[in-house]
Each structure stands twice: as structure tokens, then as C-alpha cells.
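For clarity, every value in this text was computed on a predicted model and none was experimentally measured.
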Amino acid sequence: MNNNKISGSEALIRSLINEGTNTIFGYPGGAIMPVFDALYDYKDKINHILVRHEQAATHAAQGYARVSNKPGVVLVTSGPGATNTITGIADAMIDSTPLVVLTGQVSSGLLGSDAFQEADVVGITKPICKWAYQVRRAEDIPWAVARAFYIADNGRKGPVVIDITKDAQQGMFEYSYQKMNFIRSYQPVPDLVQEDIQKAADLINSAKKPLALVGQGVILSGAEEELKAMLKKADIPAASTMLGLSALPSDDPLNVGMLGMHGNVAPNMKTNECDVLIAIGMRFDDRVTGDLETYAKQAKVIHFDIDPAEIDKNVKTTVKVLGDAKTTLAEVTKLLNENNHSDWRNSFKEFDKEEYEAVIKDEVFPDVGGLKMGEVVRKVSEATNHDGILVTDVGQNQMMGVRYFKYNQTRSVVTSGGLGTMGFGLPAAIGAKIANPNRTVCLFVGDGGFQMTMQELGTIMQYGIDVKIIILNNHFLGMVRQWQELFFDERYSETIMKNPDFPAIAKAYNIGSGSIDKREDLDDAIAEMINHKGTYLLDVQVELKGMVYPMVPAGTCVTNILLGEHKKV
């Protein structure tokens, strides 16, 4: 026997450690059991978080990746264990979140035989990830892991899947590891074209009414300071996509708010007035653009992106600037003139006043009626000194969360953007807290989305994770109800929710909890939650039929903005 040989399972664990992995989110099973057995000897180097459902493993890994700037790692078994990760993989793909998902598989001799818990993991996941590969030999494991991490975390980030047969996990071989920094068939960052840099600078220098659209690509590339330098030098107002929020502090004088369906009035209106539109690390999602036939037709468009596939995909580009935003922004800034667009920037303020009077004043600073979602979000943000990490589920809670939570630093927003995954919030909050235990993690979740993954209270209980959970409880599937009210003649088909006693459920998991339904109790309840050591669940009974305004109805012009019933901009 050669004592230098180790099993494929141990090789997998060692390879993860060589890639800097110290946390795994997973769930064991028959076809991955050799790996979990090998993990037993490495508990001092890798922290495994046993979730209660494999979908939650992917969402927790997403939360971890978004906050830590490291790929999240998921370890699950074959068959249903693997298929339960599909939603999280698809979510990570559309939101450019780096994940390495490791799945067990039946032994190679059983492949294609419909063996117990066999599923074609590679075939299922190829359309929703950057790379999917099946390992059938133990000696291929180090290579596959190195390649997976390189692909997941370089270029446009995203998920990868490695499916490992049981015999590959058990096979013995002489282990060595080499990190990957080059793949001949993969160019993660396009070559910089100096001519495009010059064209972009010339357009910005000639602009009278420039507007920057800040996407998550700025955060993923770590280009926050480069962004600030460019905006400041050329005096450019900047609006953010939902995932781009926190790239700029909320109180930055050049930050003019959020774009999109439930974004701020001023940047949406000014999109169709600016003369140069500067898109940075964003993909012109339909929730941002509305009707493409009427979107920014007056503007010349500069598109900074790392992915050539995004150029001209939705919006016709005047100048493309391909590359990593950290590099391209710095290069363009060198060529910019010092400028002053104060008249243009000040023109946003009239719309800000209109939005405040029509929407924000009553939503965030109400003095009558039931508790408002917006006022709860504002007060929680203030209780953290605007230094918390916002995690949301999907729906009205999400839109209220991103609208009214404030940010002092980057990587402060964790939410499901492109896929809009209900149930994302609770496990993502777990991952976010593990990634940065020194920051307060505040989860805003609806009563519907919470019940999709509330079993993860068990994960919180087992590992003593400290998350502040605020259920905005309106006894409806709120966002669907809003659409039914506005566009389906108030026919509330299957959106009324009969809910359990959420604090009682929290108590069963040894988690602190409270419930309020009156405005006068809100401040004390939030203070108790923030000061509580460990996770705390606050069930807030908000008004039953609250609405998220402003709203651009789907598929309409971005300037077709509803401010409330019978009110438009």
C-alpha cells in the first residue's frame, strides 16, 4: 500500500481548503457520504453548516458569497439532493453570484440505469450555470475543483456544478493540487480597447445631462472607489439598480436613488431626458427599462460591462467599454474633464419633492392608520445607524426594504434580483451573518416567503446564528395582491394567507420573538430586537392592503409612473 495515496473524498476536502474555503453549506446522503466522512477529520479547517433543505444551502451560500466576496460552496447528495439545488443555482446565475455546487452521484457503473437516487445533474444544470462537469475518476477531482473556482469567480461571476460519482469519491490516488489561473478556452475579462475608452470619455466630456446607471458589476469588481472618482470628477448624478444599491452610500450627494419599477421618480423620469446614459455593470433588465421602444431614445448610451453578451442585448449602445469595471472606470476617468452639472443635478430635486409628498411622507412618517411597511424599514435602519446588512425575501417586503433601508458601506444588500425567489431571505440571511459576524443582519420577509423556508430556524438554533428577522405580516401574498387590485379588478384569487403564530414557532426553536400591531409599540419592539443576543423574530402586523408606490406598470414607458390611486407623475 502506498501511504502517499488518499481517497477522492479527502482530495475534495483538501482541494476546497487550498481554494480558501472555510465554510460549506450542505446536507448529507448516500451518494455523498464518503465526502462527509472525510470532512469529519477536517472540522478544524472547514465549518460545515447543516441546513434543513438543500435549496436553503444554495441561498445561504449566495448570502455568504455576496457579503464575503468569496464563492459560496454547497455540498449535497445525488437525486433529490441535487435537484433541490436547482432554484438556487438559477438564482445565482442570473444575479452573477459565484457558487461552487458539489453533488454526489451514483457509481459510474450504474450511470444510465435509473439507479436509486440517480439524476442527470449535468444535463439539468448546464442551462443555468457557467460550467457543469461530472467527475468519474478520483484523480480528476483536484483539476475539476481548481477549474470550478476559477470559472465561478473570474469574469462575470456565477455558479458552477461538479457532479462526483461515488466510486470517484472512494478511489485512491497520489494527491497534488495546483490552483488554476488560465483556461485556454475561456477569456474571463475582454481585452481593453483604448479607442473605446477615448470614445466614452469624449461622450461624457461633451454631455450636458449625463446620468450614470450603477449595477452590481461595480460591487462584484470592487470598483466602488473608481466609480466615486469618475462621478465626482465629471459631476455625474448616479442611480442604482436594486443589486447595485450600496455601491454608493445612500447619502452621497451624487446618489439620486434607485431605478426601476418601484424605484425613485427622479432617475426614472430623467432616464428619458438625459443626453448621455452611462450604464455600468448592469444588464438593462426589463424591470429597469420598461418598454424598450420608449426607453432613453434621446440618449447616447455608453455601456461598461465585463460580458460581451450584454452589449446591445436589450438597449442599443453608442459606445461599448468591455472589461473589468475597476480597470475601465479608472481608465476613462483619466481622460475626463473636471465638470459642473449643478443645474442638471438640481433638476432632479423637483421630482424628489413630488415623490416625498405623494408617497414617502405617508409611507415612512405616518401618524394615523395601521403600521406601514416603509416606516418599519426606516426605523430598523436607523436602529443600526444605517450600518446593517439588508437581506430581503421577494415581494412587497423586498421593494420596501430596498427603498427605505439606508447604506453606509458596500455589500450591504442581499436580495434575489433576476429570478425573484420567494424563500430566499431566511437562508440568505444565515449566509450573510456567517460571512460577516460583526455586522447586524436585518431580514425583511413577508408572511408568504417566510413560510417557504422557515425550517431554517432549525439551522439558526443549531449554530447560534444572530439574525434579526422582521416579518412584514399583512396576511396576503402582498405583491400579487397589489397586481390583482390594480390590474385584475380586485379579484384576490388565492392570495389571502391564514398564518400560524410565528412567535410561537420561534419559541419552539429557542429563538427570541415578539409581535406588535400598534405604532406606539414599534420603537420599543425594535430596540428589544436589536439589543437581544442571538436571533430575534419580530412579527409586525402591518396594514392589510399596503401598496408599493411609485410603480411603473410592467411593459409600459419608464416615465409612466403611478404614485397612488388615481395619481400619476
Side-chain angles (χ1 to χ4, degrees), residues 211 213 237-242 245 250 255-274 285-291 294-296 344-379 381 392 394-406 444 446 472 474 476 478-490 492 495 519 542-569:
L211 176 61
L213 311 184
S240 296
T241 66
M242 185 170 67
L245 290 168
S250 299
N255 187 343
V256 294
M258 186 176 75
L259 299 158
M261 177 177 283
H262 293 289
N264 295 109
V265 171
N268 280 335
M269 295 296 289
K270 293 297 184 177
T271 294
N272 276 15
E273 188 182 331
C274 67
D285 173 72
D286 63 286
R287 290 294 170 99
V288 164
T289 66
D291 179 17
T294 60
Y295 181 78
W344 165 240
R345 286 191 291 102
N346 287 334
S347 71
F348 285 69
K349 294 177 182 177
E350 289 304 313
F351 288 117
D352 292 339
K353 290 177 185 175
E354 185 176 2
E355 181 178 347
Y356 180 84
E357 290 298 325
V359 176
I360 296 173
K361 184 170 68 172
D362 290 338
E363 180 63 45
V364 181
F365 302 101
D367 52 16
V368 295
L371 278 165
K372 301 271 192 174
M373 291 180 276
E375 71 175 310
V376 178
V377 174
R378 173 182 68 86
K379 284 181 174 287
S381 183
T392 82
V394 167
Q396 289 184 318
N397 65 88
Q398 178 185 40
M399 293 299 107
M400 290 296 190
V402 296
R403 277 184 58 82
Y404 298 119
F405 208 83
K406 304 301 179 188
F444 289 92
L472 299 176
N474 56 16
F476 271 102
M479 189 58 85
V480 183
R481 180 207 55 77
Q482 177 165 334
W483 283 52
Q484 288 173 334
E485 185 164 324
L486 291 174
F487 309 119
F488 291 88
D489 299 322
E490 299 183 27
Y492 300 130
T495 48
R519 181 162 293 114
V542 296
E543 59 180 348
L544 290 181
K545 294 186 178 181
M547 303 286 278
V548 184
Y549 290 116
M551 180 181 184
V552 179
T556 67
C557 180
V558 74
T559 59
N560 178 29
I561 303 174
L562 306 179
L563 294 177
E565 189 177 7
H566 310 306
K567 290 191 292 185
K568 290 182 67 175
V569 175

Inter-residue atom distance [X].[atom1] - [Y].[atom2], 0.5 Å rounding:
X	Y	atom1	atom2	value
Trp483	Thr495	CH2	OG1	14.0 Å
Phe348	Lys270	CZ	NZ	6.0 Å
Thr556	Met261	OG1	CE	7.5 Å
Leu245	Arg403	CG	CZ	11.0 Å
Met400	Met479	CE	CE	8.0 Å
Cys274	Trp344	SG	CH2	5.5 Å

Please examine the side chains of [Y] and [X], heavy atoms only from C-beta on, and report whether any two atoms are closer than 4.5 Å.
X	Y	answer
Pro267	Phe351	no
Leu213	Leu211	yes
Val569	Thr559	no
Val402	Met258	yes
Asn268	Ile561	yes
Leu486	Gln482	yes

Keeping [X] on the side-chain end and [Y] on the backbone end, is there a donor-acceptor pair under 3.5 Å?
X	Y	value
Ser381	Val377	no
His262	Val548	yes
Asn397	Leu472	no
Glu355	Val265	yes
Asn272	Thr294	yes
Arg519	Gly369	yes
Lys567	Leu562	no

Requested in this report: Kindly indicate, with the supporting measurements, whether the criterion side chain to side chain contact (heavy atoms under 4.5 Å, CB included) is fulfilled by Tyr356 and Lys353.
Outcome: CA-CA 5 Å; Tyr356 180 84; Lys353 290 177 185 175; 5.6 Å; no
**Report entry** Worked verdict on Leu259 versus Thr271 for side chain to side chain contact (heavy atoms under 4.5 Å, CB included)
**Finding:** CA-CA 9 Å; Leu259 299 158; Thr271 294; 4.1 Å; yes
Query raised in the report: Do you see a donor-acceptor pair shorter than 3.5 Å between the side chains of Asn474 and Lys545?
Result: no
Query raised in the report: Looking only at side chains, do Asp489 and Gln484 share a donor and an acceptor under 3.5 Å apart?
Result: no
Requested in this report: Check the pair Met242 / Gln398 against side chain to side chain contact (heavy atoms under 4.5 Å, CB included), numbers first and verdict last.
Outcome: CA-CA 10 Å; Met242 185 170 67; Gln398 178 185 40; 3.4 Å; yes
**Report entry** Residue Phe488 excluded, over 12 heavy atoms near CZ under 6.0 Å
**Finding:** no
Tell me which donor-acceptor pairs under 3.5 Å the side chains of residues 360-368 have, and how far apart each pair is, sequence neighbours excluded?
unit_1, atom_1, unit_2, atom_2, d
Lys361, NZ, Glu357, OE1, 2.9
Glu363, OE2, Met373, N, 3.3
Glu363, OE2, Gly374, N, 2.7

Report task. Applying side chain to side chain contact (heavy atoms under 4.5 Å, CB included), run through Tyr295 and Val288 and close with a yes or a no. Result -> CA-CA 10 Å; Tyr295 181 78; Val288 164; 4.3 Å; yes
Requested in this report: Apply the test salt bridge (charged side-chain N to carboxylate O under 4.0 Å, His left out) to residues Glu375 and Arg378: give CA-CA distance (whole Å), side-chain angles for both, the deciding distance (0.1 Å), then the verdict.
Outcome: CA-CA 5 Å; Glu375 71 175 310; Arg378 173 182 68 86; 5.6 Å; no
